[in-house]
Amino acid sequence: MSSVLMPIYFIEDPITEVEKDKAVRSWRMIASGQAAEFYRLKKVDPVNTPCGTPMEFFGNRFIQRFLEVHPIAAPMFSKSSMKQGTLFFRMVAFTIAALDDDSKFDNQFVTLAKSHNRMGIRAVEYGIFGECLFWALKLVLGPEYDAVTHLGWVKIFSRVLRAMVPVAIEYELENKEALKSRVTSRYQALASSLDKQASVRRPDTTTSVSEDALSFTIRSFHQNA
């Protein structure tokens with residue numbers, strides 16, 4: 001069952017030392033403020049690169065991208081978390097630090113998946129998270145994010161998925177009604193937010209458009225549950 005919900009980039013192959021070293025090095029470049037691509041972007045396009053450090057830029061753009069491709073997640077992000085991304089940084093830092101400790105790695109992400117279950121996060125959403133992670137890394141690192149580095153990150157996140165997705169699936173199968181209620185609430189919160197934003201521009205059409213979109217999305221969710 002879990003293999004069916006894995007994203008297309010998921011891979012079972014173990015990470016090589018070269019791939020791991022490249023991935024770890026790329027993260028350290030961001031964390032230590034040494035990502036040259038960030039400073040190039042800041043120089044040529046300061047308006048769209050207002051952040052002060054590669055880490056801040058990475059967190060900002062990651063969350064922005066995640067909400068662009070998966071707007072239903074918006075209610076889970078507070079303004080402070082969108083600006084700082086503190087929890088996300090800690091998660092990535094832990095992932096890198098625990099690569100050589102299988103037990104610690106798996107236990108931590110199983111625990112994280114259980115906490116996400118209570119928030120109504122579905123198994124399929126972890127794949128979207130990974131896509132946005134790769135996108136943000138490429139943006140901040142530029143040429144430093146080469147094919148080997150990318151493969152290293154794909155294998156690292158595939159390992160995260162192996163720990164988290166089965167936990168999420170088990171919860172979904174045992175708690176279908178509760179999960180549907182939580183996810184429906186997220187859709188309703190998103191629709192309400194879109195209504196408020198759109199009413200300023202098109203007060204005579206926004207309600208019907210958002211209600212149709214919400215209805216279609218909820219129907220799709222129930223059909224796939």
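Between the Tyr39 side chain and the Gly33 main chain, a donor and an acceptor come within less than 3.5 Å of each other. Proximity of a side-chain donor or acceptor of Asn60 to a complementary backbone N or O of Glu56 within less than 3.5 Å is not detected. At least one donor-acceptor pair closer than 3.5 Å links the side chain of Arg159 to the backbone N or O of Leu99. Counting only distance, with no hydrogens or angles, the side chain of Tyr9 and the backbone of Gly127 share a donor-acceptor pair below 3.5 Å.
Using a 4.5 Å heavy-atom cutoff, the side chains of Glu37 and Val140 are not in contact. Annotation: side chain of Asn107 is in contact with side chain of Ser103 (closest heavy-atom distance under 4.5 Å). Counting only heavy atoms from C-beta outward, the side chains of His116 and Met164 approach each other to under 4.5 Å.
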> Stepwise, does the salt bridge (charged side-chain N to carboxylate O under 4.0 Å, His left out) test hold for Arg162 with Glu12?
Replying inline: CA-CA 9 Å; Arg162 281 198 298 272; Glu12 291 278 4; 3.8 Å; yes
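Side chains of Thr95 and Trp27: no donor on one and acceptor on the other come within 3.5 Å.
The heavy-atom pair separating Leu161 from Met6 by the smallest distance is O-CE, 3.6 Å. Shown here for Phe58 and Ala136, the closest heavy-atom pair between the two residues is CE1-CB, 3.5 Å.
Between Phe88 and Phe129, the ring planes are perpendicular. Angles over 60° get that label, and only those under 30° would be called parallel. Using cut-offs of 30° and 60° on the angle between ring planes, the pair Phe66 and Phe62 is parallel.
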